[in-house]
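So that the names make sense, note that chain A is the first sequence line, chain B the second, and so on, each numbered from 1.
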Number of protein chains: 2
Amino acid sequence: MNYEEFQKCGARVTLSLLAGKWKPLILFYLFTGSQRFTDLWRIMPRVSKKVLLEQLKEMEEAGLIRRVEKNGFPPEVFYELSEQGRTLGPLLKQLDEWGDNYIQTKE
Amino acid sequence: MNYEEFQKCGARVTLSLLAGKWKPLILFYLFTGSQRFTDLWRIMPRVSKKVLLEQLKEMEEAGLIRRVEKNGFPPEVFYELSEQGRTLGPLLKQLDEWGDNYIQTKE
DNA sequence: CCGCATCCGTGGCGATACTG
DNA sequence: CAGTATCGCCACGGATGCGG
């Protein structure tokens, strides 16, 4: 495997989708159900709205989540997992388990 | 789960260990066996020695790989997976498979 | 409430040259 | 050959304020 092949390989692609600082956390929350933007934002007090929007937009373009807008004023926007995004479940679980195990061995 | 918990959660830890631009590729190569530094470097023509060394050092400190030095001149240094690093095998495989699948659905 | 524009600091990454 | 020193870029993330 050379560099070009590596860039296209599955592992690289997957990691690039999860690479954003807040994306895994967003995914974890969305696994608990559809979330309103302002609620997502409130749960993560340290992220600016701008950045949160960026990450959501990227994930939406990647097809991992869906943006659901309810017309009216004030606006009401929900974000939820797509089918594609839901398939990340087992992967996130394994990432989590490996990490927990790793932490154990370091203590 | 709040932000602080998230920072310590397993998934986050795992992702942080794999986050370097060249780390997954390094791991893939090391899974094929112990590698001399200069060979690793030759295989990845686009990375500078400085950066490659940085990533190797971080992975060594994380306990994922081992640095094996053979005394003499010119110096001869090999890098190889630790037991800990070897346990990443199934995880990398799953990352790769999910990514391949993802790419399929995009075509 | 949601999204966008602007400005800015920082760190990861890279190029290059040099030492033992 | 392996590693260090120096310099610079730029994308990412963050702070703040405006507008629909």
Q: Taking only the side-chain heavy atoms of Trp22(B) (C-beta and beyond), determine which of dG3(C), dT16(D), dC13(C) contains the nearest atom.
A: dC13(C)
Q) Has Lys21(B) got a side-chain N or O lying under 4.0 Å from the OP1 or OP2 atom of dG14(C)? A) yes
Q) Atom CD of Glu54(A) to atom P of dC4(C): distance rounded to whole Å? A) 10 Å
(Q) Checking the side chain of Tyr79(B) only, and the main-chain atoms of Glu60(B) only, is there a donor and an acceptor separated by less than 3.5 Å? (A) no
Q. Starting at CD of Glu69(B) and ending at C1' of dA2(D), how long is that distance when rounded to a whole Å?
A. 9 Å
Q.
What is the distance, to the nearest angstrom, from the CE atom on Met44(A) to the C1' atom on dG14(D)?
A. 15 Å
(Q) Under 4.0 Å, counting only non-hydrogen atoms across every strand here, what does Glu58(B) touch: a base, just sugar-phosphate, or nothing? (A) nothing
Q) Is there a side-chain contact between Arg66(A) and Glu83(A), using heavy atoms and a 4.5 Å cut-off? A) yes
(Q) For Val47(A), is there any backbone N or O sitting under 3.5 Å from a side-chain donor or acceptor partner on Trp41(A)? (A) yes
Q) So what does Phe78(A) hit on the nucleic acid, given a heavy-atom distance under 4.0 Å: a base, only sugar-phosphate, or nothing? A) nothing
**Q.** Worked check of salt bridge (Lys or Arg N to Asp or Glu O under 4.0 Å) between Arg86(B) and Glu80(B)
**A.** CA-CA 10 Å; Arg86(B) 227 170 257 116; Glu80(B) 61 188 30; over 6 Å; no
Q: Taking only the side-chain nitrogens and oxygens of Ser48(B), find out if one of them lies under 4.0 Å from OP1 or OP2 of dA15(C).
A: no
(Q) By the 4.0 Å heavy-atom rule, please label Val51(A) as base, sugar-phosphate, or nothing. (A) base
Q: Calculate the interatomic distance between Leu52(A) atom CG and dC1(C) atom P; express it in whole Å.
A: 14 Å
Q) dG3(D) base to Lys50(B) side chain: any donor-acceptor pair below 3.5 Å? A) no
Q) Less than 3.5 Å between a donor and an acceptor, one on the side chain of Lys49(A) and one on the base of dG3(C), is that the case here? A) yes
Q. Side chains of Lys106(B) and Gln84(A): closer than 4.5 Å at any heavy-atom pair?
A. yes
Q | Whole-Å distance separating the CG atom of Leu53(A) from the C1' atom of dT6(C) | A | 15 Å
Q.
Taking only side-chain N and O atoms of Arg36(A), does any of them lie within less than 4.0 angstrom of OP1 or OP2 on dC2(C)?
A. yes
(Q) Regarding Trp41(B), tell me which of base, sugar-phosphate or nothing describes its non-hydrogen contacts under 4.0 Å with the strands shown. (A) nothing
Q: Go through dC4(C), dC2(C), dG3(D) for me and flag the one nearest to the Val77(B) side chain.
A: dG3(D)
Q: Nearest whole angstrom, please: distance from the C1' of dG3(C) to the NZ of Lys57(A).
A: 9 Å
